[in-house]
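In what follows, a structure is listed as C-alpha cells, so that the remarks can point back to it.
Letters A, B, ... are given to chains in the order of the sequence lines, protein chains preceding strands, and every chain is numbered from 1.
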There are 2 protein chains.
Amino acid sequence: MQGSVLSGDDRLPKYMRLADSIRTEIALGKRRPGDQIASEAELAMHYDLAPGTVRQAIAILVDERILERQHGKGTFVRHPRFDSSMFRFFRFLGADGLDLEPESRILRRLLLPAPEHVAQALSIDVGADAIFMNRLRLVDSKPVLVEEIWLPLPRFSAFLEIEEREIGPLLYPVYDRECGQIVARAEEYLTAEAAGVEFSSILQIEPSEPVIVIDRIAYAYDDVALEWRRSRGLAKEFNYHASIR
Amino acid sequence: MQGSVLSGDDRLPKYMRLADSIRTEIALGKRRPGDQIASEAELAMHYDLAPGTVRQAIAILVDERILERQHGKGTFVRHPRFDSSMFRFFRFLGADGLDLEPESRILRRLLLPAPEHVAQALSIDVGADAIFMNRLRLVDSKPVLVEEIWLPLPRFSAFLEIEEREIGPLLYPVYDRECGQIVARAEEYLTAEAAGVEFSSILQIEPSEPVIVIDRIAYAYDDVALEWRRSRGLAKEFNYHASIR
DNA sequence: CAGTGGTCTAGACCACCGA
DNA sequence: CGGTGGTCTAGACCACTGC
C-alpha cells in the first residue's frame with residue numbers, strides 16, 4: 001500500500017495539515033536547519049495528494065520563513081540566523097569604517113530565582129531557579145551594549161557547565177550544540193530611556209545619555225520560550241528601519 | 001472577440017503581468033481603496049487565463065497588502081489606514097486610562113526651500129520650494145509629540161490653501177480629499193536622542209530627557225514619494241514591537 | 001438562490017541545477 | 001541527463017455571503 005495518512009483535525013484543509021505535519025517534524029528535530037525535505041512529487045505520492053496541494057502547504061512554511069525553496073535543487077529547512085538581528089539596528093563601526101561584530105565578555109553567569117516578568121515570559125514559576133547571565137559587548141575595547149539573559153531549567157542545565165572560552169559572541173549556535181535547543185523566531189520590544197547610574201558606568205557614558213532598551217523573547221519551532229534577554233545600547237549608534245503597509 | 005491581452009514584458013510570467021496590470025490601475029486611480037475588483041472568473045475570462053493563474057496574481061497583491069479577499073463577497077482594494085501607525089508605538093493614556101488619539105495643533109505652515117535630506121527623499125531639487133508644516137500633538141492639553149512635515153510641489157499646492165480647521169489630526173485623508181494623493185505605504189526610520197533645548201521647551205520636559213525620533217517617508221501606489229515627516233515623542237511613552245524569523 | 005472566493009485534482013511543459 | 005521547483009491549464013466541488 002502507498003499513501004500515508006495526514007494526522008490532525010480532518011476538518012482542516014489538507015494543505016494546512018500537511019504544513020502542520022512538516023512543521024512538527026522540524027520542531028521534534030527530525031529535520032534540522034540545512035536539511036533537504038522530500039520533493040514535492042515525493043510528498044504528493046506519500047500523502048496521496050495532488051501536486052498543487054503540496055505546493056500550497058510548502059508555500060505556507062516558506063512564508064513563515066521555516067522552509068526555503070531552491071529552484072532545481074530542492075526545498076530546505078531554513079537556517080534561522082538572527083542572533084545578530086541587533087546588528088540590523090545597531091551599526092558599530094570600527095576605526096576603518098567597516099561594520100564590526102562586537103566582542104563579548106561574560107560578567108556573571110549563575111543560578112538565580114526568576115523575577116516575575118522573566119518567569120511569565122519563559123512559562124516557569126516565579127522565584128524558580130533559572131540561569132542568569134550578564135554580558136558586555138565591546139567594539140575596539142569600548143563597551144557598546146549590556147545584556148541580561150535568562151534561560152530556563154532544566155532545558156539549559158548544560159549551559160552552566162560550559163567553559164567560558166567555548167562561548168563566542170553568538171549564543172544561539174551554543175544553545176543548539178550544547179543544549180540541543182534551536183531558536184526559530186523571536187519577539188522584540190523596544191523603548192528608550194536615560195542610561196541611569198548603573199548602566200552609564202558600565203557603558204562609560206553620562207547617566208543622562210539615552211540608551212535603547214530591547215527586550216527579546218526567543219522561541220523554538222514549537223513555540224516554547226527558550227530565552228529572555230534585555231539589551232541596552234547607546235542610542236546614537238542605533239537606527240531601526242520598518243516598512244508599513 | 002473575447003480575451004484582452006496582458007501588457008508588459010512577455011518574458012515575465014502571466015501571473016506577474018496580471019498583478020502589475022491591476023497594481024497600475026490602482027496607482028492611476030482607476031480603482032480606489034474600497035472598490036471591488038472583477039471576480040476571479042471574470043478576470044480569467046477577460047485575460048483568457050486559467051483560474052489558478054488569476055488566483056496566483058491576486059495572491060501577490062494580497063501579500064503586498066494592496067488587495068484583500070472576502071470569501072463570498074469579492075476582492076477589494078484595501079484601505080491603507082496607517083496614519084495612526086505611530087500609535088502602535090506610542091501609547092497615550094488619558095486620565096481614564098484609555099488610549100487617546102492626540103489632538104493636533106498646527107504651529108507653522110509655509111513654503112520653504114527643501115533641505116538636502118528632504119529633497120533627496122522626495123526626489124525634488126535641493127533648495128526648491130516645498131510645503132513645510134510644524135505640528136504639535138497633545139493629550140489632555142499636554143504636548144507629547146512634535147512633527148516636521150514636508151510636502152512636494154506642485155502635487156500638494158492645494159494643501160496651502162486649506163483652512164486650518166478643515167485639517168484634523170489625520171492628514172492622509174486630507175491629502176486624498178484635497179490633493180488627490182493616496183498614501184499606500186511608508187518606510188520608517190527610528191532612533192533616540194536627548195531632547196535638547198529646542199524640543200525640550202516644546203515638549204515641556206528636561207533637555208536631557210530622551211526622545212524617540214521617527215523619520216517617515218510615505219509613498220503612493222506607484223512608489224512616488226509623497227511626504228517626508230520627522231516626529232519626536234517622549235521615549236517613556238514609547239514601546240515598539242517586532243517579530244523576527 | 002446566484003455569485004463569490006477556497007480547496008483540490010491531475011496533469012503538461014518549462015527553467016534551473018548538478019553530476 | 002535526471003531531478004528539482006516554477007508556470008499554467010481546465011476543470012470539480014465546497015463554503016460563505018447577500019438577496
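- With sequence neighbours excluded, no residue satisfies side chain to side chain donor-acceptor pair (under 3.5 Å) with A/T75.
- For residues 49-59 of chain B, the side chain to side chain donor-acceptor pair (under 3.5 Å) pairs, not counting sequence neighbours, are B/E40-B/R55.
- For the pair B/M45 CE and C/dT4 P, the computed distance is 11 Å after rounding to whole Å.
- In terms of the side chain to side chain donor-acceptor pair (under 3.5 Å) criterion, A/E68 has no residue partners (sequence neighbours excluded).
- Remark: C1' of C/dG5 and CZ of B/F76 are 11 Å apart, rounded to the nearest angstrom.
- Each of B/Q56 and B/P51 has a nearest nucleotide on DNA chain D; the 5'-most of these lies closest to B/Q56.
- In terms of the ring-ring contact (aromatic ring centres under 6.0 Å, His included) criterion, A/Y221 has no residue partners (sequence neighbours excluded).
- Taking B/Y219 as the reference, nothing meets the ring-ring contact (aromatic ring centres under 6.0 Å, His included) condition, with sequence neighbours excluded.
- Residues passing the side chain to side chain donor-acceptor pair (under 3.5 Å) test with A/R185 are A/E187, A/D223, sequence neighbours excluded.
- Nucleotides of DNA chain D lying under 4.0 Å from heavy atoms of chain A occupy a range whose first and last members, 5' to 3', are D/dG3 to D/dT7.
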With 3.5 Å as the limit, what N/O pairs link the protein to nucleotides 16-19 of chain C?
residue, atom, partner, partner atom, Å
C/dG18, OP1, A/K73, NZ, 3.4

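- Heavy-atom distances under 4.0 Å link DNA chain D to A/S39, A/E40, A/E42 of residues 36-43 of chain A, given in residue order.
- Scored by the side chain to side chain donor-acceptor pair (under 3.5 Å) test, A/R11 finds A/D9 as partners (sequence neighbours excluded).
- In this view, B/S123 satisfies the side chain to side chain contact (heavy atoms under 4.5 Å, CB included) rule with no residue, not counting sequence neighbours.
- When each of B/R229, B/R216, B/R230 is paired with B/E147, the salt bridge (charged side-chain N to carboxylate O under 4.0 Å, His left out) condition holds for B/R229 and for no other.
- Annotation: ring-ring contact (aromatic ring centres under 6.0 Å, His included) contacts of A/H117 (sequence neighbours excluded): A/W228.
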